[in-house]
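Since we're looking at a predicted model, the values are computed, not measured. Sequence positions, counted from 1, serve as the residue numbers for this chain. Keep in mind that the numbers below use all heavy atoms, side chains included, and drop hydrogens, waters and symmetry copies.
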Amino acid sequence: MSKNTVIQILSIEPSVIRVQEPFKAHWSVEVDDQADLGNVELTFQTDDARLLLFEHQGEESPVLKPLALGPGAKIKKTTLLEVRLRQGLVGEESRDGTAAPLSVHARLNGDGQRLLAISSGYGVQVADLAERPSTKIFI
């Protein structure tokens with residue numbers, strides 16, 4: 001991971017999102033003056049294995065945005081995303097209509113999917129999604 005590159009999710013609108021409805025992710029990338037990353041790929045991920053992030057009305061594959069990052073690059077952009085439930089999952093709806101917490105991360109990959117930078121998680125709520133069961137390994 002490059003210590004000279006920082007990617008951040010600045011904000012997400014709205015703070016409560018719905019499956020297959022658009023939401024905005026505002027993000028930024030800053031590259032050190034000494035780093036020349038060239039062509040990289042930006043992806044968005046969640047911390048919930050049940051869900052995938054896609055570009056709104058985009059392809060049937062998760063978000064993969066190509067970026068060209070030279071020394072000293074500073075980018076601020078907004079991407080329109082949507083969250084989708086993985087195919088084949090059943091019974092993931094919230095029984096009482098509450099929202100489940102979710103963290104969204106932005107990730108920059110270089111050649112061969114080499115991790116260059118990852119953002120800290122940005123917390124949102126997903127409406128009508130069941131709460132994740134807590135996993136206990138050593139009880």
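His105 contributes atom NE2, which lies 5.0 Å from atom CG of Asp47 (distance to the nearest 0.5 angstrom). Atom CD of Gln45 sits about 8.5 Å away from atom CG of Leu53, to the nearest 0.5 Å. Put simply, OG1 on Thr46 and CG on Leu52 are 7.0 Å apart, with the number rounded to the nearest 0.5 Å. With rounding to the nearest 0.5 angstrom, the CG atom of Leu81 is 5.5 Å from the CZ atom of Phe44. Once rounded to the nearest 0.5 Å, the distance linking CG of Leu108 with CG of Leu37 reads 7.5 Å. In this structure, CD in Glu41 is found 11.0 Å from CZ in Arg107, a value given to the nearest 0.5 Å.
Scanning for salt bridge (charged side-chain N to carboxylate O under 4.0 Å, His left out) contacts around Lys65 gives Glu55, with sequence neighbours left out. For Pro22, the side chain to side chain contact (heavy atoms under 4.5 Å, CB included) partners at least two apart in sequence or on another chain are His56, Leu80. In terms of the side chain to side chain contact (heavy atoms under 4.5 Å, CB included) criterion, Ser120 has no residue partners (sequence neighbours excluded).
One hydrophobic cluster, built from ILVMFWY side chains closer than 4.5 Å, holds both Val40 and Ile75.
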**Message:** Leu129 vs Asp48, test: side-chain contact (heavy atoms from CB on, under 4.5 Å). Steps then yes/no.
**Reply:** CA-CA 11 Å; Leu129 182 69; Asp48 190 329; 4.1 Å; yes
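The backbone N or O of Ile9 lies less than 3.5 Å from no partner atom in the side chain of Ser119, so there is not a single donor-acceptor pair. Arg86 places a side-chain N or O within donor-acceptor distance of the main-chain N or O of Ala49, the cut-off being under 3.5 Å.
Using a 4.5 Å heavy-atom cutoff, the side chains of Ile17 and Leu102 are in contact. Between Leu85 and Leu51 there is a side-chain heavy-atom pair separated by less than 4.5 Å. Counting only heavy atoms from C-beta outward, the side chains of Leu42 and Val29 never approach each other to under 4.5 Å. Residues Phe23 and Val124 fail the side-chain proximity criterion, which asks for heavy atoms closer than 4.5 Å.
Heavy atoms only, all atoms of each residue included: Gly72 and Asp33 are closest at CA-OD1, 3.3 Å. A pairwise comparison of heavy atoms in Leu10 and Tyr122 identifies O-CE1, 3.7 Å as the closest pair. Minimum heavy-atom separation, Asn109 to Leu115: OD1-CA, 4.0 Å. When all heavy atoms are compared, the tightest approach of Ile7 to Ala106 is CD1-CB, 3.6 Å. Looking at every heavy atom in both residues, Leu64 comes nearest to Pro66 through O-CD, 3.6 Å. Here the shortest heavy-atom pairing between Ser103 and Gly121 reads CB-CA, 4.3 Å.
Side-chain contact of Thr78 with His26: a donor-acceptor pair under 3.5 Å is present, judged by distance alone.
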